[in-house]
Amino acid sequence: MKPKSLEEALEVEMTPKQKEIFLVIDEWWNRFGFGPSVDDIMGQTGDKGRGNVKRICDNLVALGICKKVKGKPRSIRPVYINFRKIQ
């Protein structure tokens, strides 16, 4: 079952780093209405490894708490945020 709210998503078992990046993604959507880039996430978390941040984002998708459209930049979002254009 996919989470229907932030509270349900936070109940999913995540590492502290996954939770930090998930919260950055959620906040970014709330503030700007689109997904953060890997560089945006790095700027918010202080991480220096682009590959590590991308891997964690991919893991969040695999956990079922985020979605993204392959080949579409800035499409990562929490599963409970729905937009027809990026499904």
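Counting begins at 1 with the first residue of the sequence. No hydrogens, no waters, no symmetry mates; every other heavy atom, side chains included, goes into these values.
- The shortest side-chain heavy-atom distance between Asn59 and Thr15 does not fall under the 4.5 Å cut-off.
- Under a hydrophobic-cluster definition in which Ile, Leu, Val, Met, Phe, Trp and Tyr are linked whenever side-chain heavy atoms come within less than 4.5 Å, directly or via other members, Leu60 and Val12 are assigned to the same cluster.
- When only modelled atom types and interatomic distance are considered, Asp39 and Ser37 share no side-chain donor-acceptor pair under 3.5 Å.
- The backbone N or O of Lys4 lies less than 3.5 Å from a partner atom in the side chain of Glu8, making a donor-acceptor pair.
- Placement of Phe34 and Ile41 in two distinct hydrophobic clusters is found when ILVMFWY residues are connected by side-chain heavy-atom separations under 4.5 Å, directly or transitively.
- Pairing each heavy atom of Pro3 with each of Gly64, the nearest pair is CD-O, 3.5 Å.
- With respect to Val24, the side chain to side chain contact (heavy atoms under 4.5 Å, CB included) criterion is satisfied by exactly one of Gln44, Met42, Lys19: Gln44.
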request  = Go through Asp47 and Ile56 one step at a time and tell me if the side chain to side chain contact (heavy atoms under 4.5 Å, CB included) criterion holds.
outcome  = CA-CA 12 Å; Asp47 289 315; Ile56 291 169; 5.7 Å; no
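- A salt bridge links Asp40 with Arg74; the closest basic N to acidic carboxylate O contact falls under 4.0 Å.
- When the side chains of ILVMFWY residues are joined at heavy-atom separations under 4.5 Å, either directly or via intervening members, Val61 and Val53 end up in a single hydrophobic cluster.
- Using a 4.5 Å heavy-atom threshold, the side chains of Leu63 and Gln18 count as touching.
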task = Kindly indicate, with the supporting measurements, whether the criterion side chain to side chain contact (heavy atoms under 4.5 Å, CB included) is fulfilled by Phe22 and Leu10.
result = CA-CA 9 Å; Phe22 172 75; Leu10 291 175; 4.1 Å; yes
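- The NZ atom of Lys67 sits 14.0 Å away from atom CD1 of Ile25, with the distance rounded to the nearest 0.5 Å.
- Atom CG of residue Leu6 and atom CD of residue Glu27 lie 10.0 Å apart, to the nearest 0.5 angstrom.
- To the nearest 0.5 Å, atoms CD1 (Ile76) and CD1 (Ile81) are separated by 11.0 Å.
- A distance of 6.5 Å separates NZ of Lys68 from SG of Cys57, quoted to the nearest 0.5 Å.
- In this structure, Ile65 and Pro78 have side chains that are not in contact, with every pair of non-hydrogen atoms separated by 4.5 Å or more.
- With a 4.5 Å cut-off on side-chain heavy atoms, Asp26 and Tyr80 count as touching.
- Under the side chain to side chain donor-acceptor pair (under 3.5 Å) criterion, Lys54 pairs with Asp58, not counting sequence neighbours.
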